[in-house]
Protein chains: 2
Amino acid sequence: MNLNRKNNKITQVSEPTLRRLPGYLFFLEKVREEGVINISAPTIGKELKCDPTQVVKDLSVTGIKGKPRVGYNTYELCHALEDFLGFNRVNEAFLVGAGNLGTALMAYQEHQTLGIKVIAAFDVSEDKIGKHIGGIHVLEYNKLFHLSNRLDVKIAILTTPNSAAQDVAEDLVNCGIKAIWNFTHCNLDLPDNIIVQDTSMSSFAAVLLRRLSDSENQNI
Amino acid sequence: MNLNRKNNKITQVSEPTLRRLPGYLFFLEKVREEGVINISAPTIGKELKCDPTQVVKDLSVTGIKGKPRVGYNTYELCHALEDFLGFNRVNEAFLVGAGNLGTALMAYQEHQTLGIKVIAAFDVSEDKIGKHIGGIHVLEYNKLFHLSNRLDVKIAILTTPNSAAQDVAEDLVNCGIKAIWNFTHCNLDLPDNIIVQDTSMSSFAAVLLRRLSDSENQNI
DNA sequence: TAGATTGTTAATCGATTAACAATC
DNA sequence: TAGATTGTTAATCGATTAACAATC
């Protein structure tokens, strides 16, 4: 029940802030392991290359108070960040489409703290069904409907081909899924109450390639 | 030489715009294949769920002019977007760290137009060296220095463990790498002229999980 | 106590959205 | 011609940064 209130009105934390929070968490976990008890916003900012005021504002969403001249308690802050982000809970997810990216994410989440745990994967391809990837069973797609009845899973990772994305997404919604992490290039058309997190690898490539050619052109 | 000029001054295209461009490209390629010759900004906006003015402004970076009442020529626009993003060139890259995420990305880029082509992968682990993944050789890490002398590769994908990230990144810079696509959680400290594109999967997970718990709390 | 740091409020900056003239 | 759409300029909105009082 970690709501942010301002004048007693619930305010959503902005997306830029949310995206930065895991960065703080990883850094703070590292320094905490190194034995650092307290850390100031300017110190964090220097390491993560962002404004100390930004750090203070971002961290305030956790509700943790810092002490002037001392900073924040690393243990408290790590705990509060994990709690706020939901990284300390087991957020179970289905994954649909056990292709390259799908298997990658399954293998990845075994070792990296993503906050989301894939508990079952689905595919229509015969040669993928039955496989074990990163400790996860790949099941026949049709089993999704049956399994979702028994388990209360709210999150799905969508790594199908673009052509199947919309249909699968609709199936997922019918199965009670509330949030879809969409790795396809398809613009999903779903009810408003469904949370869709689009994640296109190409967007990152685009920014990187463009910045690279910008920097090359500067020298002309 | 695709520079954006305003009052004859070079202006960088903003990151939000750059991130949206691949989305336009994928959508336009799809409709072009379906035989659509011209498309208007409002039509694109409706499909991609964004403001038509935004679409017009975003697309203007390509230099392509639309016709009032008609819209944009899909062929022209696809071509210009590919060119602007560099997706029609072969942007060769090294990949360091052939672990789960590394191998996944190698397999992925075979099938998806990322705009970036991994031509060699490196790892220190004996049991990865010599493997072929997605048509790419995994080489001994030390070979990096030798190979970078012969080839003019400017991009590197960093998928090592966090603990090795900074050292490897420095090696890459010494090998002439100009842009690093960083998948580790390490905050790389490199010269200013090096382009670092941080891509933390956790950031997306954070946004998704938080939005999900926001929506659950709304119903209390 | 002196001074660094927090935390809040105000100023700035940049991106999105709105308004509207130009145009096909 | 009439009207939809482009493209530019202005207004708005939201996030970042600066200023500063409170505090340990």
Side-chain angles (χ1 to χ4, degrees), chain A residues 4-21 23-24 28 31 36-74 76-77 80-81 203 206-207 210-211, chain B residues 4-21 23-24 28 31 36-74 76-77 80-81 203 206-207 210-211:
Chain A
N4 282 72
R5 287 169 189 277
K6 200 167 190 175
N7 308 327
N8 215 28
K9 272 168 64 184
I10 298 163
T11 53
Q12 278 202 353
V13 174
S14 76
E15 183 150 339
T17 297
L18 283 178
R19 291 168 90 129
R20 281 189 296 268
L21 292 181
Y24 294 121
L28 289 165
V31 295
V36 177
I37 307 290
N38 291 297
I39 193 163
S40 72
T43 310
I44 298 172
K46 207 168 288 173
E47 193 69 27
L48 273 68
K49 295 184 192 78
C50 68
D51 196 275
T53 317
Q54 182 85 269
V55 176
V56 171
K57 206 165 194 183
D58 284 346
L59 296 180
S60 72
V61 301
T62 62
I64 296 294
K65 300 278 172 192
K67 285 198 186 70
R69 285 223 47 170
V70 178
Y72 300 87
N73 178 283
T74 52
E76 267 187 359
L77 208 45
L81 276 168
S203 289
V207 177
R210 191 62 218 168
R211 294 284 176 251
Chain B
N4 283 72
R5 285 169 191 279
K6 202 167 189 175
N7 308 329
N8 214 28
K9 272 168 64 185
I10 298 164
T11 54
Q12 277 203 354
V13 175
S14 76
E15 183 149 340
T17 297
L18 282 178
R19 292 169 90 128
R20 281 190 295 268
L21 293 181
Y24 294 120
L28 290 165
V31 296
V36 177
I37 307 290
N38 290 297
I39 193 162
S40 73
T43 310
I44 298 172
K46 208 169 289 174
E47 193 69 27
L48 274 68
K49 296 186 191 75
C50 69
D51 196 275
T53 317
Q54 181 86 270
V55 176
V56 171
K57 206 164 193 184
D58 284 347
L59 295 180
S60 72
V61 301
T62 62
I64 296 295
K65 300 279 173 191
K67 284 196 186 74
R69 285 223 46 168
V70 178
Y72 300 86
N73 179 282
T74 52
E76 267 188 0
L77 208 44
L81 275 169
S203 289
V207 178
R210 192 62 220 168
R211 294 285 175 251

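Side-chain atoms are counted along with the backbone in the values below, which use heavy atoms only and exclude waters and symmetry mates.
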Evaluation steps, side chain to side chain contact (heavy atoms under 4.5 Å, CB included), between A:Arg211 and B:Leu18: CA-CA 10 Å; A:Arg211 294 284 176 251; B:Leu18 282 178; 3.7 Å; yes
D:dG14: pairing nucleotide in any strand, Watson-Crick or G-U under 3.5 angstrom: C:dC13
Counterpart base for D:dA21, defined by Watson-Crick or G-U wobble contacts under 3.5 Å: C:dT6
B:Asn38 backbone acceptor or donor facing B:Thr74 side chain under 3.5 Å: no
Sugar-phosphate, base or nothing in reach of A:Ser14, heavy atoms under 4.0 Å: sugar-phosphate
Sugar-phosphate only, base, or nothing, as touched by B:Lys57 at under 4.0 Å among non-hydrogen atoms: base
Nearest-nucleotide pick for [X], side chain only, options being [options]:
X       : options               : result
B:Pro68 : C:dA18, D:dT5, C:dT5  : D:dT5
B:Lys65 : C:dT16, D:dT8, D:dA18 : D:dT8
A:Arg69 : D:dT5, C:dG3, C:dA15  : C:dG3
A:Pro16 : D:dA15, C:dT6, D:dT17 : D:dA15

Whole Å only: how far is the [atom1] atom of [X] from the [atom2] atom of [N]?
X       : N      : atom1 : atom2 : value
A:Glu15 : D:dT16 : CD    : P     : 11 Å
B:Arg19 : C:dA15 : CZ    : P     : 13 Å
A:Asp51 : D:dT16 : CG    : C1'   : 7 Å
B:Gln54 : D:dT8  : CD    : C1'   : 15 Å
A:Asp58 : C:dT8  : CG    : C1'   : 15 Å
B:Asn73 : C:dC24 : CG    : P     : 16 Å
A:Leu18 : D:dT16 : CG    : P     : 11 Å

For residues [X] and [Y], determine if any side-chain heavy atom of one lies less than 4.5 Å from a side-chain heavy atom of the other.
X       : Y       : answer
A:Ile44 : A:Leu28 : yes
A:Leu21 : A:Leu81 : yes
A:Leu77 : A:Thr62 : yes
B:Leu48 : B:Val55 : no

Of A:Val70 and A:Thr53, the one whose closest DNA chain D nucleotide lies more 5': A:Thr53
CA sep, side-chain torsions, deciding dist, call: A:Thr43, A:Tyr72, side chain to side chain contact (heavy atoms under 4.5 Å, CB included): CA-CA 11 Å; A:Thr43 310; A:Tyr72 300 87; over 6 Å; no
Sub-4.0 Å heavy-atom contacts from residues 39-48 of chain A onto DNA chain D, ordered by number: none
Phosphate contact (C:dC24 OP1 or OP2) by B:Tyr72 side-chain N/O below 4.0 Å: no
